[in-house]
Amino acid sequence: LSPKDVTVVFVLGGPGAGKGTQCAKLVEQHGFTHLSAGDLLRAEQDRPGSQFGDLIRDYIKNGLIVPMEVTVKLLENAMTEALAKKGSKEGRFLIDGFPRKLDQAYKFEDTVCPAKLVLFFDCPEKVMEERLLERGKTSGRADDNAESIRKRFRTFIETSMPVVDYYERQGKVVKVEAVTSPDNVFAETQKRLRERLG
Ligand code: UP5
Ligand code: MG
């Protein structure tokens with residue numbers, strides 16, 4: 001895939017920062033294609049006959065990063081599929097929750113496509129924890145429990161924040177505070193993206 005044909009925006013932020021919520025709004029109003037790495041992994045985990053089901057289940061429950069080959073391939077397939085469906089090579093993609101480890105960032109930019117921007121939702125752990133525990137009452141997600149949440153936070157700080165710092169040094173990060181209401185966060189997101197994407 002070539003950056004001439006596709007625009008890739010990575011959407012990062014801690015667990016529960018609101019990446020999925022904001023991506024849904026961006027799709028509705030700006031026609032992006034939204035691909036959540038976590039959603040793709042959960043779908044692959046549940047796909048009958050998948051050779052990666054048990055591995056993915058184990059990594060997600062422990063808040064660890066699934067080996068990048070699996071995730072990059074799932075994303076690449078989903079992008080190709082979305083482009084085919086639209087019947088053109090043009091596409092604007094929000095890649096949500098990826099890359100969350102430096103090796104993934106290098107691999108994706110090398111073999112799939114460099115990112116134009118990184119949208120980073122910044123939110124205190126306390127707020128994210130409350131949101132996830134609340135969602136855990138009904139989400140059925142195997143990682144929305146106190147113990148998994150603690151592990152997800154640790155991985156975020158130790159492994160995923162260096163990715164944000166890496167893109168920060170390239171001047172690609174658009175940072176948005178994600179503590180207020182979803183509509184407020186969205187208004188700020190739109191404003192900041194307009195400044196950068198036109
Ligand atoms: N909510 C959202 N915004 C709110 C707001 N402004 N005010 C009040 N409430 C708000 O939101 C979470 C909850 O908060 C919801 O109930 C929402 O209504 C509310 P959501 O939009 O879902 O936040 P999001 O940031 O998307 O949270 P998510 O739980 O999806 O984050 P994670 O990053 O933890 O999950 P993800 O699915 O990306 O990854 C899960 C696991 O997959 C990882 O831990 C890892 O094990 C694995 N993974 C990989 O191995 N590799 C990858 O590349 C990606 C994932
Ligand atoms: Mg999400």
Side-chain angles (χ1 to χ4, degrees), residues 8 10-28 34-46 52-79 94-109 112 115 118-164 176-189:
V8 167
F10 289 145
V11 181
L12 301 179
K19 302 181 291 297
T21 301
Q22 296 301 321
C23 283
K25 291 176 182 292
L26 285 165
V27 167
E28 212 174 277
H34 173 212
L35 298 176
S36 155
D39 288 349
L40 289 170
L41 287 166
R42 284 182 285 273
E44 176 65 19
Q45 166 195 295
D46 296 335
F52 301 117
D54 291 340
L55 175 131
I56 294 172
R57 207 179 327 276
D58 191 50
Y59 273 78
I60 286 185
K61 181 140 187 60
N62 288 301
L64 296 170
I65 311 299
V66 173
M68 66 171 170
E69 287 76 10
V70 177
T71 316
V72 171
K73 197 72 214 159
L74 288 171
L75 280 169
E76 193 177 1
N77 290 345
M79 288 174 79
L94 297 169
I95 310 270
D96 162 4
F98 176 96
R100 50 216 292 161
K101 193 172 174 183
L102 273 173
D103 66 353
Q104 293 180 328
Y106 302 145
K107 168 98 177 164
F108 185 92
E109 302 220 357
V112 186
V118 176
L119 189 51
F120 172 55
F121 291 109
D122 196 20
C123 195
E125 234 174 62
K126 190 88 203 82
V127 175
M128 297 193 289
E129 184 187 25
E130 270 167 32
R131 289 178 185 173
L132 294 175
L133 287 173
E134 182 58 34
R135 186 180 67 183
K137 293 176 187 166
T138 54
S139 69
R141 264 179 64 162
D143 59 350
D144 278 349
N145 58 76
E147 195 188 338
S148 292
I149 291 169
R150 210 164 30 247
K151 293 177 176 171
R152 289 157 73 191
F153 285 160
R154 185 180 318 144
T155 300
F156 173 66
I157 303 279
E158 290 175 358
T159 310
S160 304
M161 271 314 286
V163 177
V164 179
V176 176
E177 301 297 330
V179 190
T180 56
S181 73
D183 283 343
N184 267 327
V185 175
F186 185 56
E188 181 65 15
T189 301

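Note that ligands are numbered from 1 as they come in the structure, with each ligand's atoms numbered from 1 the same way.
Atoms of ligand 1 found under 4.0 Å from any heavy atom of G97, numbered from 1 in the order shown, are 52 (C), 53 (O), 54 (C). Below 4.0 Å from some heavy atom of Q104 lie the following atoms of ligand 1, by number and element: 51 (N), 53 (O). Residue G16 has at least one heavy-atom neighbour below 4.0 Å for each of these atoms of ligand 1: 12 (C), 23 (O), 24 (P), 25 (O), 27 (O), 28 (P), 29 (O), 31 (O). In summary, the atoms of ligand 1 found under 4.0 Å from a heavy atom of G20, numbered by their order in the structure, are 21 (O), 24 (P), 26 (O). In the vicinity of G14, heavy-atom distances shorter than 4.0 Å reach the ligand 1 atoms 25 (O). Applying the 4.0 Å criterion to heavy atoms of R42 picks out, from ligand 1, the atoms 37 (O), 40 (C). Against a heavy-atom cut-off of under 4.0 Å, V66 is close to the following atoms of ligand 1: 49 (C), 50 (O). Near Y59, with a cut-off below 4.0 Å to any heavy atom, the atoms of ligand 1 are 46 (O).
Checked by distance only, ligand 1 and D143 stay at 3.5 Å or farther apart across all their nitrogen or oxygen atoms. The shortest N or O to N or O distance between P15 and ligand 1 is not below 3.5 Å. At least one N or O atom of G18, backbone or side chain, sits closer than 3.5 Å to an N or O atom of ligand 1.
Just one of K151, R57, E147 meets the side chain to side chain donor-acceptor pair (under 3.5 Å) condition when paired with N62; it is K151.
Ranking the protein heavy atoms by distance from atom 49 (C) of ligand 1 puts L41 CD1, 3.4 Å first. Closest to atom 39 (O) of ligand 1 among all protein heavy atoms lies R100 NH1, 3.6 Å. Ranking the protein heavy atoms by distance from atom 24 (P) of ligand 1 puts K19 N, 3.5 Å first. The protein atom (non-hydrogen) at minimum distance from atom 45 (C) of ligand 1 is L64 O, 3.3 Å.
With a 4.0 Å cut-off on non-hydrogen atoms, T71 touches ligand 1 through its side chain and not its backbone. With a heavy-atom cut-off of 4.0 Å, T155 does not touch ligand 1 at all. By the criterion of a heavy-atom distance under 4.0 Å, the backbone of S181, and not its side chain, is placed next to ligand 1.
The closest donor-acceptor contact from the side chain of T155 to the backbone of G63 lies under 3.5 Å. Between the side chain of E109 and the backbone N or O of A105 there is no donor-acceptor pair closer than 3.5 Å. Using a distance-only test at 3.5 Å, with no hydrogens or angles considered, a donor-acceptor pair links the side chain of R131 to the main chain of G16. A donor-acceptor pair is defined here as one N or O able to donate and one able to accept, closer than 3.5 Å; no such pair exists between the side chain of K61 and the backbone of I56.
Atom CD1 of residue I149 and atom CZ of residue R135 lie 8.5 Å apart, to the nearest 0.5 angstrom.
Between F108 and F10, the gap from one ring centroid to the other is short of 6.0 Å.
With salt bridges taken as basic N to acidic carboxylate O contacts below 4.0 Å, one links D144 and R152. Using a cut-off of 4.0 Å between Lys/Arg side-chain N and Asp/Glu carboxylate O, K126 and E129 are scored as salt-bridged. Taking a cutoff of 4.0 Å between a charged side-chain nitrogen and a carboxylate oxygen, K25 and E28 do not qualify as a salt bridge.
No heavy atom of E134 sits closer than 4.0 Å to any atom of ligand 1. Residue contact check for ligand 1: L132 places a non-hydrogen atom closer than 4.0 Å to it. Heavy-atom distances between T180 and ligand 1 reach below 4.0 Å in at least one pair.
Checking R131, K25, Q22, M68 against atom 19 (C) of ligand 1, the nearest heavy atom belongs to R131.
The heavy-atom pair separating A17 from F121 by the smallest distance is CB-O, 3.8 Å. Listed here is the closest heavy atom pair of P67 and L55: CD-CD2, 3.9 Å.
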